[in-house]
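First the structure, in the form of structure tokens, and then the observations on it.
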2 protein chains.
Amino acid sequence: MTKNVFDKPLVKPTAPLIKDAGKLVASYPKVPITVDCVIFGFEENELKVLLIRSDLEMYKGLWSLLGDNVKNNEELDTAAYRVLKERTGMNDVYLDQVRAFSHPQRHPAGRVITVAYCSLLNIQHHELKIYANELHWHSFSSIKSLAFDHKAILDTCYKWLQKRIQEHPLGFNLLPDKFSLRELQNLYEAILGVSLDRRNFRKKFASMDLLIDVGEMEENVPHRPGKLYKFNFEKYEKNKRKWIGIDF
Amino acid sequence: MTKNVFDKPLVKPTAPLIKDAGKLVASYPKVPITVDCVIFGFEENELKVLLIRSDLEMYKGLWSLLGDNVKNNEELDTAAYRVLKERTGMNDVYLDQVRAFSHPQRHPAGRVITVAYCSLLNIQHHELKIYANELHWHSFSSIKSLAFDHKAILDTCYKWLQKRIQEHPLGFNLLPDKFSLRELQNLYEAILGVSLDRRNFRKKFASMDLLIDVGEMEENVPHRPGKLYKFNFEKYEKNKRKWIGIDF
DNA sequence: TTGAAATGTGTACATTTTACATAATAAATT
DNA sequence: AATTTATTATGTAAAATGTACACATTTCAA
């Protein structure tokens with residue numbers, strides 16, 4: 001048996017119950033919390049990320065993710081949503097928590113813990129408003145460095161998206177309401193970084209039976225227009241099946 | 001076009017750069033942060049969870065997850081690992097961050113944000129030490145309520161585990177170093193809540209070619225003993241392939 | 001010695017994935 | 001008006017994978 005360094009329990013079995021939880025919590029170190037949103041878009045067959053010029057002197061010239069501190073009694077989700085609304089003007093945007101980043105030196109001003117969110121939206125959506133000229137859509141692949149640890153956060157969210165898009169129907173949030181199968185395939189190819197067989201891709205989605213033919217065609221394409229589809233979220237939600245399949 | 005409530009950018013395009021980031025961060029609300037570990041074990045063909053009796057008067061009689069506040073300049077991962085070591089005496093335990101929970105009323109003493117971790121360990125491991133009699137392994141399915149929002153955290157981690165175990169080789173952390181195929185199958189059946197075909201299950205793992213026959217047999221089983229295997233983590237890490245497969 | 005309980009293995013069938021080619025359509029060009 | 005270009009739309013055969021299912025073997029316990 002290996003020698004064990006913890007020879008005593010740290011919590012005494014008979015410790016008295018704590019009556020004043022407030023006092024206990026007051027003794028905890030307190031940390032400024034932020035949320036950072038990785039806002040993805042899709043345009044010209046490229047995955048894009050919405051970035052803002054850093055407003056910190058020391059990061060002059062660098063871009064950073066859109067974030068803000070979390071207010072008193074504000075949920076993390078709410079904070080992330082608030083950032084999104086403030087920056088894009090959009091409601092009903094896809095948003096999901098990815099993970100917390102806590103390296104003690106991740107913020108130059110001292111300890112700040114941030115929770116990363118991934119957001120997907122349609123760049124062409126008519127409600128999208130990028131007011132400030134400090135905001136800009138960058139092609140994901142061109143982003144080499146960012147302020148703070150935002151490059152690491154971005155990469156984590158990208159991998160998260162790559163995985164997630166294969167198992168959940170969130171890619172549609174990057175497309176217009178009505179889209180062609182080619183647009184959908186371009187999206188998957190761009191995010192996964194592979195090229196897919198067109199016929200098999202179509203067959204796959206046809207077999208899922210989750211696309212609604214809206215009876216319209218593409219317009220203003222310099223070739224034969226394709227049919228337009230909507231994703232049937234309702235049907236998807238109703239039939240969501242639990243996957244069993246061991247594979248690694 | 002819908003009327004938009006945000007008529008002005010919140011960041012002025014020409015806002016001067018911030019020189020004193022420290023001052024800025026000092027203005028952020030600060031929040032006590034904790035980590036909570038969902039520590040899973042597997043015994044008698046049941047998924048177990050290590051819980052501690054709540055030390056809060058108001059939660060008297062209720063159990064809670066193992067957690068602690070995050071120290072100054074301590075990484076979240078480090079804090080979670082510290083909790084694990086303190087409670088179990090074990091090193092090299094599987095641990096992964098799941099997500100942050102931030103409901104303003106989740107802690108009775110006021111706002112505390114917690115980051116949930118999922119940990120998997122072998123209950124029979126000889127270094128495992130459950131000293132305090134306030135600590136106890138509970139069968140997952142018997143847990144109906146917990147202190148704080150820990151039931152919700154537990155359920156989130158359970159779903160996370162169900163999904164994760166199908167795509168990554170982490171289940172082995174719940175078993176002894178050497179295990180039989182039956183033990184492995186029991187583990188999957190217990191966690192996924194399904195029953196699997198024994199022959200197909202074996203064939204599946206045989207085709208992965210990631211189990212090493214250690215040339216030993218089970219002992220002290222009241223029937224024909226099965227072969228013992230180890231998981232070939234090395235080979236797995238080397239051959240980790242990127243999965244492409246759209247399915248939802 | 002026998003019975004109980006579980007191990008270990010193989011095959012046929014169904015389903016899914018993959019690779020691949022041709023005809024039709026619309027727009028742009030001549 | 002005819003031709004070229006780009007892309008849509010579709011089907012089939014082969015391979016791989018998943019599923020359902022049965023029997024002989026081994027060890028322990030009685």
Side-chain angles (χ1 to χ4, degrees), chain A residues 44-45 165-167 175-176 178-190 192-231 239 241-248, chain B residues 42 44-46 165-167 175-176 178-190 192-231 239 241-248:
Chain A
E44 288 160 359
N45 294 342
I165 200 179
Q166 297 184 58
E167 302 180 349
L175 295 175
K178 303 166 184 179
F179 51 85
S180 69
L181 284 170
R182 180 176 32 79
E183 291 176 292
L184 187 61
Q185 182 173 347
N186 287 341
L187 174 70
Y188 272 90
E189 290 184 333
L192 299 178
V194 296
S195 71
L196 303 167
D197 182 272
R198 198 161 55 82
R199 282 160 293 187
N200 293 337
F201 183 84
R202 281 155 187 259
K203 231 185 309 175
K204 183 76 201 168
F205 274 94
S207 77
M208 288 187 203
D209 200 28
L210 289 171
L211 296 184
I212 302 169
D213 182 339
V214 294
E216 296 172 50
M217 307 295 274
E218 285 183 292
E219 273 167 40
N220 304 320
V221 284
H223 54 76
R224 175 177 174 184
K227 288 186 185 180
L228 294 181
Y229 296 88
K230 274 175 136 167
F231 183 75
N239 302 352
R241 59 210 149 130
K242 195 182 158 189
W243 254 142
I244 303 287
I246 299 160
D247 238 319
F248 45 83
Chain B
F42 184 67
E44 288 161 357
N45 294 342
E46 268 196 321
I165 200 180
Q166 298 185 58
E167 305 182 344
L175 294 176
K178 304 167 184 177
F179 51 86
S180 70
L181 284 171
R182 180 177 31 80
E183 290 176 293
L184 186 61
Q185 181 172 348
N186 286 342
L187 175 69
Y188 273 89
E189 291 185 333
L192 298 179
V194 295
S195 70
L196 303 167
D197 181 90
R198 194 165 56 85
R199 282 159 292 187
N200 293 337
F201 182 85
R202 283 156 185 259
K203 230 186 309 176
K204 181 77 201 168
F205 274 93
S207 77
M208 289 186 201
D209 200 28
L210 288 170
L211 295 183
I212 301 169
D213 182 338
V214 294
E216 295 172 49
M217 308 294 274
E218 287 183 292
E219 273 168 38
N220 304 319
V221 285
H223 53 76
R224 174 177 175 184
K227 288 187 184 181
L228 295 180
Y229 296 88
K230 274 174 135 166
F231 184 75
N239 303 351
R241 59 211 148 128
K242 195 180 158 190
W243 253 142
I244 303 286
I246 300 161
D247 238 318
F248 45 82

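So you know, we letter chains A, B, ... as the sequences are listed, proteins then strands, and number each from 1. A quick note: this is a predicted structure, and the numbers were derived from the prediction, not measured.
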Does [N] have OP1 or OP2 sitting under 4.0 Å from an N or O in the side chain of [X]?
X: Arg199(A); N: dA19(C); answer: no
X: Lys204(B); N: dG18(D); answer: yes
X: Arg202(B); N: dT9(C); answer: no

**Prompt:** Do Arg224(B) side-chain and dT7(C) base share a donor-acceptor contact under 3.5 Å?
**Reply:**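 In this structure, the two groups form a donor-acceptor pair.
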**Request:** Check every strand shown and say whether Arg198(B) touches a base, only sugar-phosphate, or nothing at a heavy-atom separation below 4.0 Å.
**Result:**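 Result for Arg198(B) = base.
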Counting only side-chain heavy atoms from C-beta out, which of [options] sits nearest to [X]?
X: Arg182(B); options: dA20(D), dG11(D), dT7(C); answer: dT7(C)
X: Lys203(A); options: dA6(D), dT18(C), dT19(D); answer: dT18(C)
X: Lys227(A); options: dA26(C), dG11(D), dA9(D); answer: dA9(D)

**Asked** Are Phe231(A) and Leu210(A) close enough, and set up right, to give a side-chain contact (heavy atoms from CB on, under 4.5 Å), and what steps lead you there?
**Response** CA-CA 6 Å; Phe231(A) 183 75; Leu210(A) 289 171; 3.6 Å; yes
**Request:** Using atom types as modelled and distance alone, determine if a side-chain donor or acceptor of Tyr188(B) lies under 3.5 Å from a backbone N or O of Ile165(B).
**Result:**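 At least one qualifying donor-acceptor pair exists.
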**Item:** Sidechain-backbone polar pair: Gln166(A) side chain, Trp243(B) backbone, donor-acceptor under 3.5 Å
**Value:**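 Checking the backbone N and O of Trp243(B) against the side chain of Gln166(A), a donor-acceptor pair under 3.5 Å is found.
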Nearest whole Å is fine: how far is [N] [atom2] from [X] [atom1]?
X: Asp197(B); N: dG10(C); atom1: CG; atom2: P; value: 15 Å
X: Met217(B); N: dA6(C); atom1: CE; atom2: C1'; value: 11 Å
X: Leu184(A); N: dT8(D); atom1: CG; atom2: P; value: 12 Å
X: Glu183(A); N: dT8(D); atom1: CD; atom2: C1'; value: 13 Å
X: Glu219(A); N: dT7(D); atom1: CD; atom2: C1'; value: 17 Å
X: His223(B); N: dT7(C); atom1: NE2; atom2: P; value: 6 Å
X: Ile244(A); N: dA20(D); atom1: CD1; atom2: C1'; value: 17 Å

**Request:** State, yes or no, whether a side-chain contact exists between Glu183(B) and Leu187(B) at a heavy-atom distance under 4.5 Å.
**Result:**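 Of all side-chain heavy-atom pairs linking Leu187(B) with Glu183(B), none is under 4.5 Å.
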**Residues Lys204(A) and Asp197(A) bridged, charged N to O under 4.0 Å** =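 Not counted as a salt bridge, because no side-chain N and carboxylate O are separated by less than 4.0 Å.
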